[in-house]
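Input: a single structure, listed below in structure tokens.
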Amino acid sequence: MIYELRVYEAAPGKLPKLNERFANHAVGYFEKYGMEMVGFWTEEIGTSNRLSYMLAFEDMADREKKWAAFRADDGFRQVVVESERDGPLLVRATNSILRPTAYSPLK
């Protein structure tokens, strides 16, 4: 099992719209393509314009297959276009692929 940690830095004032896009659309598309959601977080203390989330995959091949299907979905592409009608929601996105250690409670 591998985990993908993605951190999205929202454009000023756009974090509520980014959260809305995830809650009302992206989560459903993740489910549609079998993407296992570990969790979604905003920061209580720290940078206030970030959305972090983690997905779990069997391996890199599983990750690539699922992301490719997700990205090719015309429905979600339209969601992005509509949600960014008043400007981009993101300033920056970063991701890390994490592999649990032998002693990690999350395998």
Side-chain angles (χ1 to χ4, degrees):
M1 186 71 70
I2 60 169
Y3 297 88
E4 182 169 9
L5 175 63
R6 299 179 72 91
V7 179
Y8 290 176
E9 183 180 335
K14 300 287 184 158
L15 185 59
K17 281 191 162 244
L18 181 61
N19 277 311
E20 180 181 304
R21 183 165 80 189
F22 270 83
N24 298 331
H25 303 286
V27 166
Y29 283 95
F30 287 163
E31 289 171 346
K32 177 179 178 179
Y33 293 107
M35 298 167 89
E36 183 182 338
M37 296 168 276
V38 176
F40 297 84
W41 301 269
T42 55
E43 297 176 22
E44 189 71 20
I45 298 173
T47 305
S48 63
N49 66 332
R50 287 187 193 159
L51 170 65
S52 300
Y53 68 99
M54 184 176 282
L55 303 171
F57 300 96
E58 289 299 317
D59 52 33
M60 287 299 287
D62 180 49
R63 176 189 174 273
E64 293 302 320
K65 176 183 167 192
K66 290 175 179 175
W67 271 119
F70 176 88
R71 288 185 179 117
D73 191 294
D74 288 333
F76 189 72
R77 284 197 260 178
Q78 187 59 38
V79 165
V80 171
V81 168
E82 289 174 13
S83 67
E84 295 189 347
R85 192 171 311 177
D86 296 327
L89 300 185
L90 296 179
V91 171
R92 179 177 305 111
T94 60
N95 71 311
S96 301
I97 304 299
L98 307 171
R99 185 172 308 282
T101 60
Y103 52 86
S104 175
L106 187 62
K107 299 289 182 200

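Leu51 and Val91 end up in different hydrophobic clusters when Ile, Leu, Val, Met, Phe, Trp and Tyr side chains are linked at under 4.5 Å. A single hydrophobic cluster is seen to contain both Met60 and Met35, as judged by linkage of ILVMFWY side chains at heavy-atom distances under 4.5 Å, directly or through other members. Cluster annotation: Tyr29 and Leu90 are assigned to the same hydrophobic cluster (Ile/Leu/Val/Met/Phe/Trp/Tyr, side-chain heavy-atom contacts under 4.5 Å, transitive). In terms of hydrophobic clustering, with Ile, Leu, Val, Met, Phe, Trp and Tyr side chains grouped at heavy-atom distances under 4.5 Å, Val80 and Leu89 are assigned to a common cluster. Linking ILVMFWY residues whenever their side-chain heavy atoms come closer than 4.5 Å, directly or via other members, leaves Val38 and Phe70 in distinct clusters.
Residue Met54 holds its CE atom at 9.0 Å from OG of Ser96, rounded to the nearest 0.5 Å. Between the CZ atom in Arg50 and the CG atom in Leu18 there is a gap of 13.5 Å [rounded to 0.5 Å]. Once rounded to the nearest 0.5 Å, the distance linking CE of Met37 with CZ of Phe22 reads 10.5 Å. To the nearest 0.5 Å, atoms CG (Asp73) and CD (Gln78) are separated by 11.0 Å.
Pairing each heavy atom of Pro88 with each of Ala11, the nearest pair is O-CB, 3.6 Å. Of all heavy-atom pairs spanning Val7 and Ser52, the tightest one is CG2-OG, 3.6 Å. Taking all atoms of both residues into account, the shortest heavy-atom contact from Lys14 to Asp86 is NZ-O, 3.3 Å. Counting all heavy atoms, side chain and backbone alike, Ser104 lies closest to Leu106 at OG-O, 2.8 Å. Of all the heavy atoms in Pro100 and Lys107, the pair that sits closest is CG-C, 3.6 Å.
In this pair, Phe40 and Tyr53 present their aromatic rings parallel. The plane angle is below 30°, not in the 30 to 60° band. Between Trp67 and Phe57, the angle of the ring planes lies from 30° to 60°, which puts this pair in the tilted group.
Note: Phe76 and Tyr33 fail the aromatic proximity criterion, with ring centroids not under 6.0 Å apart.
Between the side chain of Lys66 and the backbone N or O of Gly34 there is at least one donor-acceptor pair closer than 3.5 Å. Put simply, the side chain of Asn49 gets close to the backbone of Ala10: a donor and an acceptor are under 3.5 Å apart.
Thr94 places none of its side-chain heavy atoms less than 4.5 Å from the side chain of Glu9.
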| task | Evaluate side chain to side chain contact (heavy atoms under 4.5 Å, CB included) for Glu36 paired with Leu55, printing each intermediate quantity in order. | result | CA-CA 6 Å; Glu36 183 182 338; Leu55 303 171; over 6 Å; no

| Residues Glu84, Lys17; criterion side chain to side chain contact (heavy atoms under 4.5 Å, CB included); working and verdict | CA-CA 9 Å; Glu84 295 189 347; Lys17 281 191 162 244; over 6 Å; no

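We find that Asp74 and Arg77 are joined by a salt bridge, their nearest charged nitrogen and carboxylate oxygen being less than 4.0 Å apart.
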